[in-house]
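Scroll down for the structure; my scribbles are underneath it.
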Amino acid sequence: MSFRLNDRQQEAVQATEGPVLVIAGAGSGKTRVLTERIAYLVQEKGIHPYNILAFTFTNRAAREMRERLEQSSPGISERLWVGTFHATGVKILRSHGREIGVSDRFTIYDADDSLDLIKDILSRQGLHGQLIRSPRAIRDQISRWKNDLMTPDLVASGVTDNLKKRIVSVYREYERALARANALDFDDLIARVVELFSVHSQAKDHFARRFQYVLVDEFQDTNPIQMALIDALASYHKNLFVVGDDDQSIYSWRGAKVDHILNFEDLYSGTRVVRLEQNYRSTQMILDAANHVIAHNKGRKGKNLWTDGDRGEKVGLIVSMDEETEAMNMLNTVNTLVTDGHQLRDIAVLYRTNAQSRALEDVLKLGGLPYQIIGAVRFYERMEVRDILAYCKLLVNPADNISLKRILNVPRRALGKTTYENLSVMAGKNNVSIMEILKTGVSGLGTAQIKRCAEFVKLFTDLEGVAAREEAPAVIQAVLDETKYRDYLRDGFPDSDSRVENVDELVTAAEIFTETSEDRSLRAFLEEIALVADIDTWDEVQGQLTLMTLHNAKGLEFDCVIIAGVEEGLVPHYNSLDKQEDLEEERRLFYVGMTRARKRLFLSYANMRRRMGIIEGGSPSRFLYEVPEECLDGSIASDENLLFAETDSDGTAGRPMRFFEGRPRAATQKREFEDYSQEEVYYTVGMRVIHNDFGKGVVRRVEGAGENLRVTVIFDGGGERKFLAHYAPMRPMN
DNA sequence: TGGTAGAGGCTTTTT
DNA sequence: GCCTCTACCA
């Protein structure tokens with residue numbers, strides 16, 4: 001990037017008063033604008049950092065902004081509030097939560113804790129298995145309601161069907177259980193602040209007056225509850241500065257609304273709009289490719305990125321037979337790039353789903369290439385780490401029934417399911433926590449159980465003593481020692497070595513935490529790790545290849561980017577084929593991936609892929625065809641039988657828009673498929689077919705082989721059906 | 001209560 | 001294809 005700000009950037013930095021909307025294209029220097037603006041406010045306008053609040057999307061982005069500010073103006077970041085919505089919510093609730101009945105010792109439930117709680121409620125209500133939706137789906141529904149500011153009462157008023165009613169009752173009970181356990185879930189960290197502000201205007205006034213300037217990064221990915229928080233905080237001074245790019249909105253599934261950015265000017269009158277379209281990151285070739293792809297979206301403000309830098313090399317195309325071959329081809333590509341003088345740490349492989357990392361990982365291990373995966377199996381989600389953390393959470397907040405449930409019988413102490421259920425019922429009857437029941441004396445159980453419970457209470461009270469005296473690392477160490485947890489791992493798990501390593505790693509993490517934090521308590525440590533995302537721990541300094549999802553890559557950039565699995569079914573994903581909005585979000589996701597690249601971009605797809613254990617035929621993503629041919633190095637499926645046809649003339653998005661005539665793969669790529677029977681490749685995803693009973697349709701999935709070859713078809717007349725291809729009166733259309 | 005085998009779900013993305 | 005949960009038996 002050039003040293004001086006360009007005129008647009010300058011304008012954004014200096015437009016300090018009133019609402020400002022910055023439409024910042026990928027690579028247009030928005031992070032720089034944000035930090036320069038804060039520095040400008042402090043240095044030129046004499047604003048105290050205490051009066052400035054900035055929201056970032058990740059903790060990592062917050063840390064980076066702090067570091068940059070420290071470089072240009074030392075000391076500035078100390079009293080400044082920069083953080084994610086969630087971290088900021090926690091801060092506010094710790095100091096003011098009491099006013100709405102939130103104790104300052106509340107526990108944060110992450111997504112898995114929430115899930116455990118929902119399962120607990122379902123089994124208590126005897127609903128397990130009765131609700132069509134899985135606990136996971138119920139959790140996600142509840143989360144969406146919360147993010148839309150819908151309380152159980154509000155939801156209930158509009159619900160008539162029985163299934164929904166039952167889900168609402170789970171929602172209601174979920175909220176009660178959270179309150180009883182003195183716990184807040186992720187969504188509460190924001191929602192409860194909004195509640196606080198609406199119930200206690202003094203609290204709202206306090207913060208609204210304090211924050212003279214509010215800045216929001218990645219504004220396109222804010223959801224209604226976050227918007228409500230922003231609006232409240234900026235309500236007094238009205239100096240709201242938001243930066244975003246509607247083309248990079250990729251979190252609608254988390255409740256984010258692009259409308260917030262599209263309608264910002266209507267929401268805040270007198271908004272000044274600044275557009276940043278000059279790109280300082282990528283070559284013109286990469287920008288051309290990306291611009292053409294995103295131009296296919298209808299719901300956007302429209303922009304065109306340009307650079308006065310190099311034209312650059314064409315976008316590489318990697319075509320492979322299956323995912324293993326794809327992985328090997330990518331390894332080769334990476335090796336070539338390294339030979340060309342690129343560093344491993346400047347190369348990233350991006351993919352749509354975490355599951356795709358597996359094949360890659362295997363090959364990279366074989367190839368001896370150092371790599372780091374962001375987000376595959378999260379450290380803090382590992383079973384053994386969660387066990388120890390459950391002990392810790394319980395020590396900080398004994399009312400946390402879900403954590404108690406997790407560890408009551410871990411390691412084994414003969415306090416199993418039945419005992420837990422009995423205790424749970426007793427606690428419910430007396431309206432106290434399960435720990436309370438345990439401590440005040442258990443009745444109605446056998447003498448053996450009563451004795452075991454007493455032993456558990458003794459163990460826990462001892463640990464409480466340690467927790468009262470010691471800092472986080474010592475407490476965790478005590479938990480490990482006194483529960484003999486390492487022995488439990490060694491005795492019962494074949495892979496105990498890495499598990500023991502993980503719990504030791506947790507102690508190390510706590511030690512590192514105490515070295516850098518003022519508050520060294522266990523509570524502070526738990527709070528810190530509850531909010532870390534995988535991307536926050538990413539270490540870009542090491543000489544390693546980086547692997548991550550397209551979502552995780554938001555806000556990052558690399559010299560070289562390889563996007564894997566650019567296929568129908570992955571990008572765009574199966575679950576997003578049916579609705580136009582979903583499809584456009586997939587396109588934005590692909591666009592985000594493309595625009596991460598500074599110098600070299602590679603797009604890769606495979607003709608076959610194993611998905612959930614089943615081999616499926618894949619076809620190149622429709623998005624690939626949206627990249628201009630002159631930008632591509634190589635051509636997509638050099639297959640003469642490949643036909644181009646738009647099947648969505650009626651506006652129904654979601655049907656693959658291209659199809660193969662006849663049996664292209666079997667006929668022309670026979671050599672590659674010698675190992676497979678012809679039937680396996682006879683139907684391909686995206687192929688047009690005609691069925692005697694149901695008429696015309698499009699193949700959505702192909703699974704199995706031979707007589708078991710199953711084909712899922714979406715029919716033009718609506719409806720999706722699965723057939724055994726061998727027996728169904730169906731054939732490909734010509 | 002604990003162990004095991006089999007069933008069933010899952011894999012879209014995450015603070 | 002893998003992981004988690006459940007049901008059933010010891």
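A note on names: the letters A, B, ... follow the listed sequences, proteins ahead of strands, and every chain is numbered from 1.
- Nearest-nucleotide assignment on DNA chain C puts the 5′-proximal partner with A/R358, out of A/K417 and A/R358.
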Criterion side chain to side chain donor-acceptor pair (under 3.5 Å) on A/Y371 and A/E361, from CA distance to verdict: CA-CA 8 Å; A/Y371 62 92; A/E361 217 183 337; 3.1 Å; yes
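- The interatomic distance linking A/L189 (CG) with B/dT14 (C1') rounds to 14 Å, in whole Å.
- Distances shorter than 4.0 Å separate none of the side-chain N or O atoms of A/R413 from OP1 or OP2 on B/dT1.
- Ranking B/dT14, C/dC5, B/dG2 by closeness to the A/N409 side chain, first place goes to B/dG2.
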Test side chain to side chain contact (heavy atoms under 4.5 Å, CB included) on A/S576 and A/L583; report intermediate values, then the result. CA-CA 6 Å; A/S576 302; A/L583 203 55; 5.6 Å; no
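- Spacing between atom CG of A/D120 and atom P of C/dC5 amounts to 13 Å, rounded to whole angstrom units.
- Of the candidate nucleotides B/dT15, B/dT1, B/dT14, B/dT14 has the atom lying nearest to any side-chain atom of A/H551.
- In the set B/dT1, B/dT15, B/dT14, the nucleotide with an atom closest to the side chain of A/A414 is B/dT1.
- OP1 or OP2 of B/dG3 sits under 4.0 Å from a side-chain N or O of A/R412.
- Of the candidate nucleotides B/dT15, B/dT11, B/dT1, B/dT11 has the atom nearest to the side chain of A/A355.
- Across the protein-nucleic acid pair, A/Y109 atom OH and B/dT15 atom P stand 21 Å apart, rounded to whole Å.
- Checking the phosphate oxygens (OP1, OP2) of B/dT15, no side-chain nitrogen or oxygen of A/N59 falls inside 4.0 Å.
- We find that CD1 of A/I250 is positioned 13 Å from C1' of B/dT15, with the value rounded to whole Å.
- Both tests pass for A/R254 against the ring of A/Y251: distance under 6.0 Å to the centre and angle within 45° of the axis.
- Closest to the side chain of A/Q449, from the set C/dC2, B/dT1, B/dT13, is B/dT1.
- Side-chain atoms of A/N354 lie closest to B/dT14 of the nucleotides B/dT14, B/dT11, B/dT1.
- The aromatic rings of A/F623 and A/F590 sit parallel to each other, their planes meeting at less than 30°, with 60° as the upper class boundary.
- When the nearest nucleotides of DNA chain B are assigned to A/G416 and A/A111 by heavy-atom distance, the more 5′-ward of the two goes with A/G416.
- Rounded to the nearest Å, the gap between the P atom of B/dT13 and that of C/dT4 is 15 Å.
- Below 30°, between 30° and 60°, or above 60°: for A/F85 and A/F55 the angle between ring planes is below 30°, a parallel geometry.
- Rounded to an integer number of Å, the gap from CZ of A/F57 to C1' of B/dT13 is 10 Å.
- Look at CD on A/E586: it is 11 Å from P on B/dT13, rounded to the nearest Å.
- Out of B/dT15, B/dT13, B/dT1, the shortest distance to the side chain of A/R254 is found at B/dT15.
- Taking every side-chain heavy atom of A/K119 into account, C/dC5 is the closest of B/dT1, B/dT14, C/dC5.
- Rounded to whole Å, atom C1' of B/dT15 lies 15 Å from atom CG of A/L184.
- Listed candidates were C/dC2, B/dT1, B/dT13. Nearest to the side chain of A/W253 is B/dT13.
- Note on A/F85: nothing from the nucleic acid sits closer than 4.0 angstrom, heavy atoms only.
- The CD1-C1' distance, from A/I190 to B/dT15, rounds to 7 Å in whole Å.
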Mind running salt bridge (Lys or Arg N to Asp or Glu O under 4.0 Å) on A/R610 and A/D322 for me, showing each step along the way? CA-CA 8 Å; A/R610 202 178 276 278; A/D322 53 27; over 6 Å; no
